[in-house]
Engineer: 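There's a structure below that I have some questions on.
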Number of protein chains: 2
Amino acid sequence: MSRQNQTFKAAANQAMDLFSGLEPGCELGTEAELCDRLEISRTTARNVLSHLANLGILEWEGRRKVLLRAPTVADRFPPEDVALPAERAEHQFHEWILRTDLPPNAQIHESELARQLGISVALVRDLLQNFRVSGLVEKNPNKHWTFRGFTRDYALEMCDMRELIEREAMRRLCADPDHPALPRMVEMERLHINLLARDDSAMTEFPALDARFHRLVCSAARNRFYDEFAHRISIIVHYHYQWNKRDETVRNREAIREHLAVIQAVLQGRSDEARDAFDQHLQTARETLLASVNWS
Amino acid sequence: MSRQNQTFKAAANQAMDLFSGLEPGCELGTEAELCDRLEISRTTARNVLSHLANLGILEWEGRRKVLLRAPTVADRFPPEDVALPAERAEHQFHEWILRTDLPPNAQIHESELARQLGISVALVRDLLQNFRVSGLVEKNPNKHWTFRGFTRDYALEMCDMRELIEREAMRRLCADPDHPALPRMVEMERLHINLLARDDSAMTEFPALDARFHRLVCSAARNRFYDEFAHRISIIVHYHYQWNKRDETVRNREAIREHLAVIQAVLQGRSDEARDAFDQHLQTARETLLASVNWS
DNA sequence: TTACGGTTTTTTATAAATAAAATACATTCC
DNA sequence: GGAATGTATTTTATTTATAAAAAACCGTAA
């Protein structure tokens with residue numbers, strides 16, 4: 001089936017967002033302008049213009065482009081049409097491998113998984129190859145893949161690596177009073193205070209904020225290898241949050257407070273305190289993670 | 001063209017190696033036995049037997065398999081036929097990307113590279129995706145790849161990460177007097193002493209030994225993330241050795257001596273000394289690497 | 001009755017095909 | 001003459017096809 005116009009559809013929706021802020025009857029800019037705005041090629045931009053002309057949203061002839069009417073919800077492409085197959089598949093794959101309670105050493109067959117997720121084997125192969133770096137699956141040449149298991153060993157190795165990297169990143173953050181990450185820390189403080197003020201139901205937003213906080217800390221080292229690892233780990237930890245629901249909101253509130261203690265110490269230049277508070281938080285995070293691992 | 005029987009050809013050559021140690025006329029084992037020995041499936045084992053029967057090397061009927069004559073060199077498949085396309089391609093790719101002096105921000109086109117290396121675009125895509133983790137290339141969605149450049153920044157980030165990991169690994173190695181990596185350290189010592197005793201021309205073997213030494217140190221932490229990084233880095237460093245040939249043999253001999261100082265301190269339980277010597281070596285390695293980077 | 005060999009089915013490795021999207025080139029209009 | 005449009009070419013994203021290799025199945029002989 002090759003491609004399914006996702007770039008075009010997403011761009012068309014974006015263009016409609018753009019045009020709905022304008023008055024009907026007004027002249028629209030050049031093709032190149034639209035390309036810059038939507039970050040697409042001229043080919044796609046022209047397809048979008050042609051599509052909107054067909055819908056009667058605008059009139060287009062040569063350089064003259066006039067908006068006829070405001071776009072409606074009915075004109076838009078549905079959200080499930082604009083997601084790229086690769087992105088959708090990645091999400092499905094993560095759901096499957098991190099939520100299905102696969103036993104360690106389980107066999108994973110590309111063809112079987114492709115059928116199960118309703119995607120092509122080539123895509124499954126890409127996903128597994130990429131996920132291999134996370135240390136949870138391995139390839140048996142000419143044969144199937146093996147799930148190594150989210151075991152206690154895995155969790156320990158992951159935590160060790162994380163602590164090694166993030167402690168060093170924190171050290172660098174504290175060492176420079178003009179560190180470029182500090183403005184983003186101010187923003188971080190605001191987000192944490194806001195979330196803490198809301199009620200328990202808002203705690204579902206914590207995992208995403210946690211990932212952002214740790215990625216920000218990692219980015220302070222300005223080392224691409226740190227960032228790469230932070231990204232990998234955030235995927236694993238994100239799913240982990242949904243494994244152990246016991247005392248979840250209590251744990252999350254406590255984690256927010258720990259984050260805040262770190263952030264405020266950093267912002268106020270109390271370096272030793274920041275590092276101690278961060279060590280404390282890493283210890284808590286480790287315990288939380290290990291508590292949710294099967295003791296098999 | 002799909003596959004080209006590489007597994008079969010490699011297995012056939014291996015089988016011939018196996019049989020050349022036997023007397024003509026003797027009975028050969030079962031199919032399953034051959035599978036275990038060559039680590040192949042019965043399908044391939046039977047193809048091998050059938051091939052060798054056609055060549056007149058053995059007689060095969062049902063369970064009776066008799067060796068007729070010793071295999072000759074002419075019977076063997078040439079080495080270029082047994083290498084898997086993926087392996088060959090990876091080697092070619094590494095040669096190309098690490099030896100061609102690409103400027104930072106150079107565009108890399110999958111299709112162009114496929115033509116240049118004489119491999120399929122799908123394979124090029126796989127290679128680039130995998131290499132992305134090394135931090136030297138990045139993808140522009142819907143567009144080309146970009147070579148980020150073996151810059152001073154890259155070298156610094158790589159060294160920082162390496163030192164962080166390897167220092168921690170060394171700490172763990174020293175902390176445990178019964179560490180399972182110690183026997184391999186004894187072997188390492190022997191290899192280093194041997195290489196040091198040989199003449200300058202043998203120094204071409206140093207890069208491989210260096211990679212082994214650092215991988216062994218990493219493995220002491222028994223953490224898959226350390227191992228993964230050590231593997232990535234060894235590829236980059238391997239090629240780096242061929243960039244700066246000035247004073248090469250002198251530098252290599254010095255590095256061997258530094259390795260030996262570390263190994264012997266470790267083996268004799270002088271922990272502090274081992275760590276100091278290792279820090280010293282990491283410092284030298286950093287200087288060597290940085291000296292070879294373009295100052296652009 | 002069980003281990004081995006013959007046969008069939010499933011799965012992987014690789015290449016090729018196809019449409020979308022990007023880019024390069026040619027043309028027109030101010 | 002230069003910037004915008006119209007057209008052609010190249011490149012990427014995705015699916016499908018094919019043969020090799022693995023695995024499962026089944027019968028048979030030691």
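A note on names: the letters A, B, ... follow the listed sequences, proteins ahead of strands, and every chain is numbered from 1. None of the values given here were measured: they were computed from a predicted structure.
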Engineer: List, one per line, each side-chain donor-acceptor pair under 3.5 Å for residues 17-27 of chain B, sequence neighbours excluded.
Structural biologist:
residue : atom : partner : partner atom : Å
B:Asp17 : OD1  : B:Arg76 : NH1          : 2.6
B:Ser20 : OG   : B:Met16 : O            : 3.2
B:Ser20 : OG   : B:Asp17 : O            : 2.8

Engineer: Any N or O donor-acceptor pair under 3.5 Å from the base of D:dT15 to the side chain of A:Arg3?
Structural biologist: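 When only heavy-atom distances are counted, A:Arg3 does not reach the base of D:dT15 through any donor-acceptor pair under 3.5 Å.
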Engineer: So if I take residues 132-148 of chain B and measure heavy-atom distances to DNA chain C, which residues fall below 4.0 Å?
Structural biologist: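 Result for residues 132-148 of chain B: B:Asn142, B:Lys143, sorted by number.
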Engineer: Would the A:His240 and A:Phe150 ring centres measure less than 6.0 Å apart?
Structural biologist: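 No - the distance between ring centres of A:His240 and A:Phe150 does not fall below the 6.0 Å cut-off.
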Engineer: Counting only side-chain N and O atoms of A:Ser120, is one of them less than 4.0 Å from OP1 or OP2 of D:dT15?
Structural biologist: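 A:Ser120 to D:dT15 OP1/OP2: side-chain N or O found under 4.0 Å.
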Engineer: If the condition is ring pair (Phe, Tyr, Trp, His ring centres under 6.0 Å), which residues does B:His231 pass it with, not counting sequence neighbours?
Structural biologist: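 Here no residue qualifies.
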Engineer: May I ask you to verify whether the side chain of A:Arg125 and the base of C:dT12 hold a donor-acceptor pair under 3.5 Å?
Structural biologist: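 Checked by distance alone, the answer is no.
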Engineer: Output yes when at least one side-chain N/O atom of A:Ser2 is less than 4.0 Å from OP1 or OP2 of C:dT18, else no.
Structural biologist: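 A:Ser2 to C:dT18 OP1/OP2: no side-chain N or O under 4.0 Å.
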Engineer: Separation of A:Leu84 atom CG from D:dT12 atom C1', in whole Å?
Structural biologist: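 Whole-Å distance recorded here is 12 Å.
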Engineer: Round to the nearest Å and state the distance from B:Glu110 atom CD to D:dT14 atom P.
Structural biologist: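 The distance from CD of B:Glu110 to P of D:dT14 comes to 11 Å, rounded to the nearest Å.
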Engineer: Rounded off to whole Å, could you give me the CG-to-P distance for the B:Asn5 and C:dA15 pair?
Structural biologist: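 It is 14 Å, rounded to the nearest whole Å.
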Engineer: Is any side-chain nitrogen or oxygen of A:Thr7 closer than 4.0 Å to OP1 or OP2 of C:dA20?
Structural biologist: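 Looking at the OP1 and OP2 atoms of C:dA20, neither is under 4.0 Å from any side-chain N or O of A:Thr7.
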Engineer: Enumerate the residues from residues 86-93 of chain B whose closest heavy atom to DNA chain C is under 4.0 Å, giving them by residue number; use none for an empty result.
Structural biologist: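 Here the set is B:Ala86.
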Engineer: Using heavy atoms to find the nearest nucleotide of DNA chain D for B:Gln6 and A:Pro85 separately, return the residue whose nucleotide is more 5′.
Structural biologist: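 Of the two residues, A:Pro85 wins.
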Engineer: Main chain of B:Gly62, side chain of B:Trp60: is a donor-acceptor contact present, judged purely on distance under 3.5 Å?
Structural biologist: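 Flag set: sc B:Trp60 to bb B:Gly62 pair under 3.5 Å.
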Engineer: Tell me which residues in residues 41-65 of chain B put a heavy atom below 4.0 Å from DNA chain C, sorted by number, or none.
Structural biologist: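 Within residues 41-65 of chain B, the residues near DNA chain C are B:Arg42, B:Arg46, B:Trp60, B:Gly62, B:Arg63, B:Lys65.
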Engineer: What are the residues of residues 27-40 of chain A, sorted by number, that bring a heavy atom to within less than 4.0 Å of DNA chain D?
Structural biologist: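 Residues of residues 27-40 of chain A under 4.0 Å from DNA chain D: A:Thr30, A:Glu31.
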